[in-house]
Amino acid sequence: MKNILLSLLIFSGLFVSGCQVVQPPASQKLTVLAIEPFLADITANVAGDRVEVQSLIPSGVDPHSFELTPQDVAKLEKADVLVLNGGGLEQFLEPVLSQKTATQLVIVASKGLTSRPVNSSDALAENGDPHYWLNPVNVKQYVENIRAGLTFIDPNGAVAYAENARKYNQKLDELDSWIAQEVRQVPPERRLLVTNHESFGYYADQYGFTVVGAVLSSVSSGSSPSAREMSALIEQIKQAGAPAIFLEMDANPELADQIAAESNAKVITNLYTHSLSPADGPAATYLDMMRYNTTLIVEALR
Ligand SMILES: [Zn+2]
């Protein structure tokens, strides 16, 4: 009790003397809610210890098929700042965002990036391809949008946010060089990707892969292939000589196994693309997730 009284006295003493550097108590920290765990991790790197960052979607859950519970809606309404990927990834948020509170800041992390061309027959792709984050160079734009948003809502943190962003961008540059270096182990004619859905386009563009096809020919995982699409993909895999089909963590392997059996490709499971692993897993941060996927891809193709 004595200690609490003492700190109160010190606090009011500073306040009375007009000192401007008194920090608000920890409970008054800004609350920032990022929608996906990888986005929460990127945001936390920019935010440092000035704000508390949480993820709305728990790790291991696919944002393409996510549905809001009433508790989620309450969390969304309570947060001072929301950080979205954007680009059509979070369609479940539309009803909530249309009635967001006036004081709440919404940061769209991918704002300013241009979508790569998508298959025009993909009905789920009205906003283009939302998987910008699978190229770390795109994530530098995320960092800039997050830095600008946090600085707007918390101008006293401007210097800290700029410094945190600079450091994290350096790590993104290192990651980019590391991936490019690793991919050199794969002969160019074997840099072929077949995935569960069309999520690896930006990664492929950046590191010289060709996307041969996807089990679900969509930029969302919420679709299913027809028998004709399945046999077309088997043909494409055979013709291209693609060695492997890469599946994201919670993808159903049945279709891929069937395609693999008829095309001689092997199935590599458990890539982390839309979510991080638990803290003690192999992909607990965005940077680790990208390294982990790259290692799996290079080992399967080289
Ligand atoms: Zn996706």
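Computation of the quantities below employed the complete heavy-atom set of this structure, encompassing side-chain atoms and omitting hydrogens, waters and symmetry-equivalent molecules.
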Examine the side chains of D176 and Y207 and answer whether a donor and an acceptor come within less than 3.5 Å of each other. yes
Can a donor-acceptor pair be found, under 3.5 Å and without considering hydrogens, that links the side chain of S231 to the backbone of R228? yes
Checklist entry - Has the side chain of S277 got a donor or acceptor atom that lies under 3.5 Å from a matching backbone atom of A284? => result yes
For this session: Establish whether V211 and L296 are linked, either directly or via other cluster members, by ILVMFWY side-chain heavy-atom contacts under 4.5 Å.
Result: no
Closest heavy-atom pair, L276 versus M289, reported as atoms and distance to 0.1 Å, is CD2-SD, 3.8 Å
Is it true that R147 and E144 have a side-chain N and a carboxylate O under 4.0 angstrom from each other? yes
Among the clusters formed by ILVMFWY side chains lying less than 4.5 Å apart, do Y292 and V186 turn up in the same one?
yes
Does either side chain, that of Y203 or that of T294, offer a donor lying less than 3.5 Å from an acceptor on the other one? yes
**Asked** Is there a donor-acceptor contact under 3.5 Å linking the side chains of D154 and Y161?
**Response** yes
Practice prompt. Test F246 against V194 for side-chain contact (heavy atoms from CB on, under 4.5 Å), laying out the working first.
Written response: CA-CA 6 Å; F246 296 97; V194 181; 5.8 Å; no
In L172, L39, L113, the residue satisfying side chain to side chain contact (heavy atoms under 4.5 Å, CB included) with V139 is L172
Check: When the ring centroid of Y202 is compared with that of Y132, is the distance short of 6.0 Å?
Finding: yes
### Query
With a 4.5 Å limit on heavy-atom distance, are the side chains of T31 and V51 in contact?
no
Checklist entry - Is a side-chain donor or acceptor of D288 paired with a backbone partner of A283 at a separation under 3.5 angstrom? => result no
d(L89 CG, S220 OG) to nearest 0.5 Å is 8.5 Å
All heavy atoms of P63 vs all of F92, minimum pair found to be O-CE2, 3.5 Å
Report yes or no: do V61 and L82 belong to one cluster of Ile/Leu/Val/Met/Phe/Trp/Tyr joined by side chain heavy-atom distances under 4.5 Å? yes
Is any side-chain heavy atom of E262 closer than 4.5 Å to a side-chain heavy atom of M230?
no
On a heavy-atom basis, the closest approach of T43 and A34 is OG1-CB, 4.3 Å
Indicate yes or no for a side-chain donor-acceptor contact from K111 to the backbone of G86 under 3.5 Å, with no hydrogens or angles considered. no
* Asked: Above 12 or not: heavy atoms from other molecules or residues under 6.0 Å from CD of E189?
  -> yes
Closest non-hydrogen contact found for I179 with P136 is CD1-CG, 4.2 Å
Item to complete: Spell out, yes or no, whether L192 and F200 are grouped together once hydrophobic residues are joined by side-chain heavy atoms under 4.5 Å, including indirect joins.
Response: no
Here the gap from R116 atom CZ to N138 atom CG, rounded to the nearest 0.5 Å, amounts to 11.0 Å
Is the closest side-chain donor-acceptor distance between S115 and D129 under 3.5 Å? no
Check: Should the pair W133 and F38 be assigned to parallel (<30°), tilted (30 to 60°) or perpendicular (>60°) ring geometry?
Finding: parallel
Distance col, row L255:CG vs N196:CG, nearest 0.5 angstrom, shows 8.0 Å
- Would you say the side chain of L247 lies within less than 4.5 Å of the side chain of L271, judging by non-hydrogen atoms? no
Value for CG (L30) from CG (L150), rounded to nearest 0.5 Å, stands at 8.0 Å
For the residue pair T285 and D41, confirm or rule out a side-chain donor-acceptor distance under 3.5 Å.
no
Rounding to 0.5 Å, atoms OG (S110) and NE2 (H131) come to a distance of 12.0 Å
Q.
Could you tell me if the side chain of R291 sits less than 4.5 Å from the side chain of L175, heavy atoms only?
A. yes
- salt_bridge(K140, D173) N-O dist < 4.0 Å: yes
Notebook entry, point to check: Would you say L216 and E229 make side-chain contact, with heavy atoms under 4.5 Å?
Noted result: no
Are there over 12 heavy-atom neighbours, none belonging to D257, within less than 6.0 Å of that residue's CG?
yes
With clusters defined by side-chain heavy atoms of hydrophobic residues (ILVMFWY) lying less than 4.5 Å apart, directly or transitively, does M249 cluster with L193?
yes
Taking every heavy atom of A40 against every heavy atom of V53, the minimum-distance pair comes out as O-CG1, 3.6 Å
Check: Just wondering, more than 12 heavy atoms not from E67 lying within 6.0 Å of its CD?
Finding: no
Assess whether side-chain contact (heavy atoms from CB on, under 4.5 Å) is satisfied between I57 and D72, documenting all intermediate values.
-> CA-CA 9 Å; I57 302 182; D72 292 329; over 6 Å; no
Tested for side chain to side chain contact (heavy atoms under 4.5 Å, CB included) against V32, the lone hit among V83, I153, I146, I107 is V83
Checklist entry - Tell me, do I268 and I245 make a side-chain contact under 4.5 Å, heavy atoms counted? => result no
| request: Return yes if some donor-acceptor pair links the side-chain N/O of E198 with the main-chain N/O of A214 below 3.5 Å, else return no. | output: no
dist S59:OG -> H274:NE2 (nearest 0.5 Å) comes out at 15.0 Å
Heavy atoms of Q104 and A79 approach each other most closely as NE2-O, 2.8 Å
Using side-chain heavy atoms (C-beta onward) and a distance below 4.5 Å, is V106 in contact with L84?
yes
Practice task
Mind running side-chain contact (heavy atoms from CB on, under 4.5 Å) on M290 and Y286 for me, showing each step along the way?
Solution key: CA-CA 6 Å; M290 296 299 290; Y286 168 77; 3.5 Å; yes
I'd like to know whether E36 forms a side-chain contact (heavy atoms from CB on, under 4.5 Å) with L56, so could you lay out the CA-CA distance, the side-chain angles of the two residues, the decisive distance to 0.1 Å, and finally the verdict. CA-CA 6 Å; E36 296 83 11; L56 178 72; over 6 Å; no
Q.
When you compare the side chains of N85 and Y142, does any donor N or O come within less than 3.5 Å of an acceptor on the partner?
A. yes
Would you say that T195 contacts V215 through its side chain, given a criterion of any heavy-atom pair below 4.5 Å between the two side chains? no
### Distance-only polar pair, side chains of E248 and H197, donor-acceptor under 3.5 Å
yes
